Amino acid sequence: MIEKKQVVQQEERAVIVGLIHKEQTERQVQEYLDELVFLAETAGAITVKRFTQKLSHPDRATFVGKGKLEEIKDFITGRNINLVIFDDELTGSQIANIEKVLNVKVIDRSDLILDIFARRARTAQAKVQVELAQYQYILPRLRGMWSHLERQGGGIGSRGPGETEIETDRRIIKDKIALLRKRLAEIDKQSLTQRKDRGEYIRVALVGYTNVGKSTIMNLLSKSEVFAENKLFATLDTTTRKVVFDQTAFLLSDTVGFIRKLPHHLVESFKSTLDEVRESDILLHVVDISHPQYEDQVEVVNRTLQELKAFDKPSIMIFNKMDLYEQQTFDKWLAEDVKQDILNQLKENWQTRTHGNCVFISALERKNIDELRQTILSKVIELYRVRYPYKSEYFY
């Protein structure tokens with residue numbers, strides 16, 4: 001039986017590979033590879049070099065073509081590189097073909113993300129969700145994984161020992177997936193009961209791209225100690241705290257961050273965790289405004305919220321890391337009034353786009369947190385008055 005082993009070992013030296021084609025421009029691919037480097041670093045690997053290849057569509061056998069594969073092989077030979085990471089999903093046969101040429105371990109972006117999620121899972125629910133996603137990822141790739149056991153050629157005797165093993169593994173994995181789905185359904189029922197027990201409180205959820213500072217903001221607003229660090233997917237499990245602003249109580253939840261090219265099976269498995277988003281009354285969409293592609297990240301989050309049918313909820317956009325944005329945008333010789341004009345223009349633009357539902361802060365330096373609290377409080381009180389007009393005094 002194929003075991004789900006740790007994909008990336010600590011301090012492994014890796015090269016990363018991206019494909020430029022009609023659906024991915026060169027600029028987009030470089031952005032994706034920047035993110036892939038961060039993912040590899042989060043998993044513990046050191047990225048030595050990146051390769052890109054231009055093709056009209058991925059090569060069915062080797063994804064990037066034989067010529068590019070030979071170029072990668074020439075580079076990794078003698079450099080103590082033992083891992084190659086592809087930015088797009090590979091089939092089982094592609095992985096087998098590439099590993100045969102390169103003679104090193106080959107994984108794709110989905111496998112890397114699944115590995116990170118497996119390391120970060122803490123609760124029973126998160127562990128079951130990740131394990132389910134891992135088996136769903138493995139199932140269609142079994143034939144490629146067993147290709148090293150199959151005999152070459154055709155005719156009598158061409159059915160190798162791997163053929164029987166594939167069918168055995170496929171049956172075992174399908175049974176395991178069914179069992180995990182059943183276990184996840186039971187955990188979901190328990191979680192639903194817990195959510196129902198929270199009474200009539202307004203529920204507020206922090207959402208956003210991964211590593212934008214949601215957990216840091218959660219700690220600031222709820223005065224709790226939610227785990228936060230400068231790595232992707234630091235938070236997998238939804239954390240909910242009761243928060244009181246000026247005698248007005250509400251529930252605040254921190255949720256898993258979104259990312260581009262998130263594996264489909266992982267999204268499906270984590271939909272139960274994201275029930276906290278679907279069932280919330282207000283969304284706090286946190287944005288890392290210092291990131292060069294922050295607007296693209298906003299779009300990724302919005303698309304995910306649409307998939308979850310949670311896009312039309314009342315929301316506040318929180319533009320975090322303003323301190324970093326100012327460091328990156330302004331040099332020390334820039335006149336203060338010019339700097340202020342640029343900042344005002346940025347804020348007015350987003351005020352218009354969000355109909356006034358946005359705040360600019362620095363969670364790390366605790367700048368503008370009072371305005372953030374007041375903005376959230378106003379929205380919460382407004383919802384209490386609409387929902388419970390005859391007993392609003394109970395909440396504030």
Side-chain angles (χ1 to χ4, degrees), residues 202-224 226-230 232 234-235 238-241 243 245-246 248 250-259 274 276-277 280-305 308 310-329 343-383:
I202 292 294
R203 289 156 67 172
V204 181
L206 287 156
V207 298
Y209 210 77
T210 185
N211 203 46
V212 294
K214 295 188 305 299
S215 297
T216 304
I217 292 171
M218 176 79 171
N219 290 337
L220 274 176
L221 297 179
S222 65
K223 297 179 181 176
S224 60
V226 176
F227 181 66
E229 67 171 334
N230 186 34
L232 301 180
T235 303
T238 300
T239 305
T240 302
R241 298 283 185 268
V243 178
F245 289 170
D246 295 345
T248 299
F250 61 93
L251 299 176
L252 179 64
S253 298
D254 185 17
T255 61
V256 62
F258 305 143
I259 197 170
L274 294 168
E276 202 67 54
V277 176
S280 63
D281 301 297
I282 300 169
L283 298 180
L284 304 181
H285 182 169
V286 183
V287 180
D288 175 4
I289 198 167
S290 69
H291 195 284
Q293 286 83 43
Y294 79 89
E295 292 200 55
D296 291 341
Q297 293 184 350
V298 168
E299 284 302 310
V300 170
V301 173
N302 287 340
R303 281 198 301 271
T304 309
L305 291 174
L308 295 170
F311 186 64
D312 58 348
K313 292 179 180 292
S315 64
I316 300 166
M317 289 191 77
I318 303 172
F319 292 95
N320 189 27
K321 307 189 184 182
M322 280 297 291
D323 53 320
L324 279 177
Y325 173 81
E326 292 184 26
Q327 286 175 26
Q328 293 168 2
T329 308
L343 288 175
N344 289 340
Q345 190 174 1
L346 172 73
K347 292 176 182 179
E348 285 171 13
N349 176 35
W350 280 104
Q351 286 283 350
T352 302
R353 291 171 67 172
T354 63
H355 306 289
N357 293 305
C358 65
V359 186
F360 294 80
I361 70 164
S362 168
L364 196 62
E365 296 190 354
R366 304 197 173 198
K367 287 182 178 177
N368 226 19
I369 303 303
D370 287 341
E371 183 185 342
L372 173 60
R373 289 173 188 266
Q374 193 55 49
T375 304
I376 296 170
L377 179 60
S378 298
K379 190 74 76 175
V380 168
I381 289 175
E382 180 185 327
L383 275 182

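Heads up: numbering here begins at 1 and tracks the sequence. Every heavy atom of this structure was used, including side-chain atoms; hydrogens, water molecules and symmetry mates were not. All values reported here derive from a predicted model rather than from experimental measurement.
- Heavy-atom minimum distance, T240 versus S253: OG1-OG, 2.8 Å.
- Contact between L283 and A310 at its shortest, heavy atoms only, is CD1-O, 3.4 Å.
- At a cut-off of 3.5 Å, with distance as the only test, no side-chain donor of T248 or D246 sits close to an acceptor on the other residue.
- Minimum interatomic distance between M218 and L206 (heavy atoms only, all atoms of both residues): CB-CD1, 3.8 Å.
- Scored by the side-chain contact (heavy atoms from CB on, under 4.5 Å) test, E365 finds D323, S362, K367 as partners (sequence neighbours excluded).
- V286 is not listed as a side-chain neighbour of F319, based on a closest heavy-atom distance of 4.5 Å or more.
- With rounding to the nearest 0.5 Å, the separation of CZ in F258 from NE2 in H285 is 8.5 Å.
- The minimum heavy-atom distance linking L324 with S290 is given by the pair CB-CB, 3.5 Å.
- When side chains are defined from C-beta on, L221 counts as touching L372, because their heavy atoms get closer than 4.5 Å.
- One finds the CG atom of N219 at 8.0 Å from the CG atom of D254 (value rounded to the nearest 0.5 Å).
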Q | Steps toward side chain to side chain contact (heavy atoms under 4.5 Å, CB included) verdict (I289, L346) | A | CA-CA 11 Å; I289 198 167; L346 172 73; 3.6 Å; yes
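- The shortest side-chain heavy-atom distance between Y209 and I259 falls under the 4.5 Å cut-off.
- You'll find the side chain of H291 stays beyond 4.5 Å of the side chain of N211, heavy atoms only.
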Q) Should I282 and R203 be marked as a side chain to side chain contact (heavy atoms under 4.5 Å, CB included) after you check the CA-CA gap, both sets of side-chain angles, and the distance that decides it? A) CA-CA 7 Å; I282 300 169; R203 289 156 67 172; over 6 Å; no
Q. Please walk me through it: do K321 and I361 pass side chain to side chain contact (heavy atoms under 4.5 Å, CB included)?
A. CA-CA 7 Å; K321 307 189 184 182; I361 70 164; over 6 Å; no
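- Looking at heavy atoms from C-beta onward, V212 lies out of side-chain contact with V287 at the 4.5 angstrom threshold.
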Q | CA sep, side-chain torsions, deciding dist, call: R373, I376, side chain to side chain contact (heavy atoms under 4.5 Å, CB included) | A | CA-CA 5 Å; R373 289 173 188 266; I376 296 170; 6.0 Å; no
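- Every residue two or more places apart in sequence or in another chain was checked for a side-chain hydrogen bond (donor to acceptor under 3.5 Å, both in side chains) with R303, and none qualifies.
- D281 and P314 get closest at one heavy-atom pair: O-CD, 3.3 Å.
- In this structure, the side chains of I217 and I369 stay at 4.5 Å or more apart for every pair of heavy atoms.
- With contacts defined as side-chain heavy-atom distances shorter than 4.5 Å, the pair L343/T329 does not qualify.
- Expressed to the nearest 0.5 Å, how far CH2 of W350 lies from CZ of F360 amounts to 8.0 Å.
- Atom CG of L377 is separated from atom CD of E382 by 11.5 Å, given to the nearest 0.5 angstrom.
- Between atom CG of residue D288 and atom NZ of residue K214 there is a gap of 10.5 Å, rounded to the nearest 0.5 Å.
- Checked against side-chain hydrogen bond (donor to acceptor under 3.5 Å, both in side chains), E295 has the following partners two or more places apart in sequence or in another chain: R353.
- For the residue pair N357 / K379, a side-chain donor-acceptor distance below 3.5 Å is found, with atom types taken as modelled.
- The six-membered or imidazole ring of F245 lies near that of F250, with a centre-to-centre distance under 6.0 Å.
- When every heavy atom of V301 is checked against every heavy atom of G208, the shortest pair comes out as CG2-C, 3.6 Å.
- Annotation: side chain of L251 is not in contact with side chain of V243 (no heavy-atom distance under 4.5 Å).
- How far CG of L284 is from OG1 of T375: 10.0 Å, rounded to the nearest 0.5 Å.
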